[in-house]
Amino acid sequence: MARLASSRWARHWIQHFGKMLFPFDCSLCGLACERDRPLCDDCEASLKPNAFPCASCGLPLIQTDASVSPTDCGRCLSNPTPFDAVVAPWLYDLQMAHLIGQWKYHGNHWLTPLLADLWLEQQQLSVDCHGDNFSVDVIVPVPLTPLRLLHRGFNQSRLLSTEIHRRLPTNHKPSLDYTLLSRTRQNGTQASLGAQARRANIDHVFTVHRPCDNLRIAVVDDVVTTTATASEIAKQLKRYGAARVEIWCIARTPLPEYSYK
């Protein structure tokens, strides 16, 4: 009996110290993580990188030659976007949807550092692979109306932009501006709308409060689906003199016919 009690006591302290070293459970599978982030190795490996995106809208393209850098998709070639690039290192698949949903709709703010790390790490891989270096002057989160902010309790884009900004190298670090852009009216949720309805829903929703003469601006959002929000914000910023507008988001929604294999 004494040996059994001693064994249980040892297991208790092993688990206790293990939790001190690795305090997280995986936010996807729920198992304990033997690492300092709430995502286990297997679940992180299951996330789908946006390995070969359209250079403008970020839609995933089929890469036929490993030596070729991404170019514009057919849609962007025929109808250029108001923004200059969507920087979306991940695809919005079921796993990423669950991760972002836990963060955005269930108030799990503690996932913000993980999502910022995933963005930066995968984006750095893209820079190393394709040689693109996204240099901007200011980072701006997509704003919420005061009513939506009161209802949700936080602005997920502001949380993400703050964490990304904190992790960027100190050399040539852009500024972070929470007040340049505001949302002027409540326009309902975008999630259940089609592309045309999203564009109508977002029209004339954003206001720019200061000149943006020759600024290179990164607008931070969580997911880009139809680019309706990105296009409207870019139009307004460029009317106020912005030289370049990039959309920085965690994930890009592929077209329905895209294959994840």
Heavy atoms of Val142 and Asn155 approach each other most closely as O-ND2, 3.1 Å

Go through the steps for Ser56 and Thr81 under the test side chain to side chain contact (heavy atoms under 4.5 Å, CB included), then give the verdict.
-> CA-CA 7 Å; Ser56 292; Thr81 58; 4.1 Å; yes

Salt bridge (Lys or Arg N to Asp or Glu O under 4.0 Å) filter on Asp221, not counting sequence neighbours, yields none

How close do Asp93 and Ser46 get, heavy atom to heavy atom, and via which atoms?
-> OD2-O, 4.2 Å

Verify salt bridge (Lys or Arg N to Asp or Glu O under 4.0 Å) between Arg239 and Glu232, making sure each step is shown before the conclusion.
-> CA-CA 11 Å; Arg239 283 173 187 164; Glu232 181 62 23; 5.1 Å; no

Step-by-step side chain to side chain contact (heavy atoms under 4.5 Å, CB included) determination, Asp41 to Arg35 = CA-CA 9 Å; Asp41 289 322; Arg35 57 197 317 213; 3.3 Å; yes

Any donor-acceptor pair under 3.5 Å from Thr227 side chain to Ala230 backbone | no

Would you find a donor on one side and an acceptor on the other, under 3.5 Å apart, between the side chain of Ser161 and the backbone of Arg158?
-> yes

Does any N or O in the side chain of Trp90 come within less than 3.5 Å of the main-chain N or O of Leu118, such that one atom is a donor and the other an acceptor?
-> yes

Would you check if Ser182 and Phe206 make a side-chain contact, meaning some heavy-atom pair closer than 4.5 Å?
-> no

Given side chains that start at C-beta, do those of Leu144 and Phe154 come closer than 4.5 Å, heavy atoms only?
-> no

Indicate whether the side chain of Tyr178 and that of Thr162 have a donor and an acceptor atom separated by less than 3.5 Å.
-> yes

So, the side chain of Asn108 versus the backbone of Gln102: is there a donor-acceptor pair under 3.5 Å, distance only?
-> yes

Looking only at atom types and distance, does a side-chain atom of Lys238 sit under 3.5 Å from a main-chain N or O of Pro82, one as donor and one as acceptor?
-> yes

Report yes if some heavy atom in the side chain of Leu120 is under 4.5 Å from a heavy atom in the side chain of Leu168; otherwise report no.
-> yes

Give the minimum heavy-atom separation between Val138 and Pro174, together with the two atoms involved.
-> N-CB, 3.9 Å

Can you tell me how far the OG1 atom of Thr71 sits from the CG atom of Leu77, to the nearest 0.5 Å?
-> 6.0 Å

Student check: side-chain heavy atoms of Thr179 and His209 closer than 4.5 Å | no

Looking at Asp177 and Leu180, what are the two nearest heavy atoms and their distance?
-> OD1-N, 3.0 Å

Between Lys173 and His165 the two heavy atoms that sit nearest each other are NZ-O, 2.5 Å

Find out whether Trp248 and Val136 are in side-chain contact, i.e. whether some heavy atom of one side chain is under 4.5 Å from a heavy atom of the other.
-> yes

Mind checking whether Ile250 and Leu160 have side chains closer than 4.5 Å, heavy atoms only?
-> yes

Within 6.0 Å of NE2 in His106, more than 12 heavy atoms from elsewhere | yes

CG on Leu181 to OH on Tyr240, rounded to 0.5 Å | 10.5 Å

What pairs with Arg216 under salt bridge (Lys or Arg N to Asp or Glu O under 4.0 Å), at least two apart in sequence or on another chain?
-> Asp137

With sequence neighbours left out, write down each residue that passes salt bridge (Lys or Arg N to Asp or Glu O under 4.0 Å) with Arg167, or none if nothing qualifies.
-> Asp117, Glu163

d(Cys26 SG, Leu39 CG) to nearest 0.5 Å is 5.0 Å

Are any non-hydrogen side-chain atoms of Glu44 and Glu121 less than 4.5 angstrom apart?
-> yes

Do Ile247 and Val220 come close enough that some side-chain heavy atom pair is under 4.5 Å?
-> no

Give the minimum heavy-atom separation between Tyr105 and Arg152, together with the two atoms involved.
-> CE2-NH2, 3.8 Å

Side chain to side chain contact (heavy atoms under 4.5 Å, CB included) between Gln236 and Thr207, intermediate numbers included = CA-CA 7 Å; Gln236 297 299 328; Thr207 296; over 6 Å; no

Kindly compute the distance separating CG (Leu61) from CG (Leu59), expressed to the nearest 0.5 Å.
-> 7.0 Å

Has the side chain of Thr184 got a donor or acceptor atom that lies under 3.5 Å from a matching backbone atom of Val205?
-> yes

Among Pro53, Cys57, Cys54, which residue meets the side chain to side chain contact (heavy atoms under 4.5 Å, CB included) test with Arg252?
-> Cys57

Please answer whether the main-chain N or O of Gly241 pairs with a side-chain N or O of Asp213 as donor and acceptor at a distance below 3.5 Å.
-> no

Decide yes or no on side chain to side chain contact (heavy atoms under 4.5 Å, CB included) for Leu99 and Leu114, but give the supporting numbers first.
-> CA-CA 10 Å; Leu99 195 61; Leu114 168 66; 4.2 Å; yes

Distance from Ser27 atom OG to Trp103 atom CH2, nearest 0.5 Å?
-> 12.5 Å

Sole residue of Pro38, Cys33, Cys29 in side chain to side chain contact (heavy atoms under 4.5 Å, CB included) with Cys43 | Cys29

Value for CG (Leu91) from OG1 (Thr253), rounded to nearest 0.5 Å, stands at 9.0 Å

Single-linkage hydrophobic cluster Trp119~Trp110, side-chain heavy atoms < 4.5 angstrom | yes

